[in-house]
Amino acid sequence: MNIKKIAQLLLLFIISSVASAQQLYLETGKTSSSFDYQNSQGDKLDNLQATTHNFMTLGYRFNIATIEKLKGAFGVGYMSHGAIGSDNALNGIMEWNANYLEFNASLDYSLFSIKKTIFYIKGVFSTGFLVQGTQNLNNEIINLKNVDDFNKAMISFKSGAGFLHPVSKELSVYVQYLFGKSLNQSGSTDYESLRIKSHNISFGVLIDISK
C-alpha cells in the first residue's frame with residue numbers, strides 16, 4: 001500500500017469520525033512531570049525533581065462502531081513539562097521548562113456504573129511539538145529549540161482511569177488520572193536516553209452535539 005492510499009484512508013477515517021462525533025470536550029488540569037535521563041555510560045541523574053504545570057485540551061469524542069462502551073476521541077492541547085535539580089560537579093542548579101502543542105488520539109472503555117456515574121479506563125497516544133522552552137543552568141538561559149533532545153516531536157503513551165457524571169442530557173463532567181511516558185527524546189547516536197514522565201490529574205466538561 002503506497003503513501004497516497006494510506007493518506008486517503010486516514011482522511012476517510014477522520015471525516016467519518018467527525019460525522020459521527022457525539023460530544024465536544026474541554027479539559028484542564030495539573031501535570032507533574034520529570035525527566036528520566038541516562039548518559040551513554042548508563043549513569044542517571046538521580047537528583048532531578050518533578051515540577052508541576054497547568055495544561056488544557058479540547059477536542060471531540062465519538063462512538064466506535066457498534067461497541068456501546070467504547071469511545072474514541074481526537075484533541076489538541078497545550079502541555080508544559082519540566083524538571084529541576086542540582087549538579088554536584090558544577091555546584092549549581094539546573095531547571096527546564098518546555099511548552100508543547102500536543103495532538104492526541106484516545107480510547108476509553110466504560111467498566112461499570114454506580115447510579116448515573118460511569119467509571120472508565122483510558123489510553124492515549126500523543127505527539128507534541130515544542131513551542132517554547134528554556135534551560136537554566138547557573139543563571140545561564142539556553143533556548144531548548146537549539147537543543148537536539150527537545151527540537152523534535154515528542155511521542156508519548158498515557159494510560160489511566162476516571163469517572164464521568166451526567167449533569168443533564170446535554171452536559172457531563174468528568175475527572176481522570178493519566179500516567180504517561182515519552183519515547184526516547186535523546187538526539188544522540190550513542191546509548192544516551194531522555195524520557196519525559198508525567199502524572200496528569202484533570203477535570204473536563206463534555207457537551208453533547210448529537211442532536
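FYI, the numbering just counts along the sequence from 1.
For the pair Tyr25 and Tyr60, the minimum side-chain heavy-atom distance is 4.5 Å or more. Side-chain contact between Thr57 and Asn104 is present, with heavy atoms from C-beta onward closer than 4.5 Å. Under the 4.5 Å side-chain criterion, counting only non-hydrogen atoms from C-beta, Lys122 is in contact with Gln176. Met154 places none of its side-chain heavy atoms less than 4.5 Å from the side chain of Thr127. Within the 4.5 Å cutoff, no side-chain heavy atoms of Ile207 are placed close to those of Glu170. Side-chain contact between Ser34 and Gln49: absent, with no pair of heavy atoms (C-beta onward) separated by less than 4.5 Å. In this structure, Trp96 and Ile84 have side chains that are not in contact, with every pair of non-hydrogen atoms separated by 4.5 Å or more. Residues Asn63 and Lys71 form a side-chain contact, since some pair of their non-hydrogen atoms from C-beta on lies under 4.5 Å apart.
The distance from the OG atom of Ser126 to the CG atom of Leu178 is 10.0 Å, given to the nearest 0.5 Å. Taken from NE2 in His81 to CZ in Phe35, the straight-line distance is 8.5 Å, to the nearest 0.5 Å. A distance of 8.5 Å separates CD1 of Ile141 from CD of Glu95, quoted to the nearest 0.5 Å. Once rounded to the nearest 0.5 Å, the distance linking CD1 of Ile196 with CG of Asn184 reads 10.5 Å. In this structure, CG on Leu26 lies 10.5 Å from OG on Ser202, to the nearest 0.5 angstrom.
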Q.
Assess the residue pair Gln23 and Ile209 against the criterion (side-chain contact (heavy atoms from CB on, under 4.5 Å)); give the C-alpha distance rounded to whole Å, side-chain angles, the decisive distance to 0.1 Å, and a yes or no.
A. CA-CA 5 Å; Gln23 297 166 314; Ile209 59 171; 5.7 Å; no
Residues Tyr174, Val205; criterion side-chain contact (heavy atoms from CB on, under 4.5 Å); working and verdict
CA-CA 6 Å; Tyr174 64 91; Val205 177; over 6 Å; no
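For the residue pair Ile64 and Gly72, the shortest heavy atom distance occurs at CG1-N, 3.6 Å. Considering every non-hydrogen atom in both Ile118 and Ser110, the closest pair reads CG2-OG, 3.4 Å. What you find for Ala98 and Leu144 is that their closest heavy atoms are CB-CD1, 4.0 Å.
In this structure, the ring of Phe129 has its center no less than 6.0 angstrom from the ring center of Tyr100. Between Phe112 and Phe119, the distance separating the two ring centers is shorter than 6.0 angstrom. If you look at Tyr177 and Phe179, their ring centroids are not closer than 6.0 Å. You'll find the ring centres of Phe74 and Phe103 outside the 6.0 Å limit.
Judged by distance alone, with hydrogens and angles left aside, the side-chain atoms of Thr28 form a donor-acceptor pair with the main-chain N or O of Phe55 at under 3.5 Å. Without hydrogens or angle criteria, Ser33 side chain to Gly82 main chain gives a donor-acceptor distance under 3.5 Å. Between the side chain of Ser168 and the backbone N or O of Leu171, at least one donor-acceptor pair lies under 3.5 Å.
For the pair Glu27 and Arg61, the salt-bridge criterion is not met [side-chain N within less than 4.0 Å of a carboxylate O]. A salt bridge links Lys181 to Asp36: one of the charged nitrogens lies within less than 4.0 Å of a carboxylate oxygen.
No side-chain donor-acceptor contact under 3.5 Å links Asn97 and Thr134. No hydrogens or angles considered: nothing links the side chains of Ser32 and His199 as a donor-acceptor pair under 3.5 Å. Between Ser80 and Asn99, the side chains place a donor N or O and an acceptor N or O closer than 3.5 Å (distance only, hydrogens not considered).
In summary, of the residues considered (Leu107, Leu111, Leu164, Leu70), a side chain to side chain contact (heavy atoms under 4.5 Å, CB included) with Tyr120 occurs for Leu164 alone. Among the candidates Asn54, Val131, Asn200, Leu101, the single residue satisfying the side chain to side chain contact (heavy atoms under 4.5 Å, CB included) test with Met79 is Asn200.
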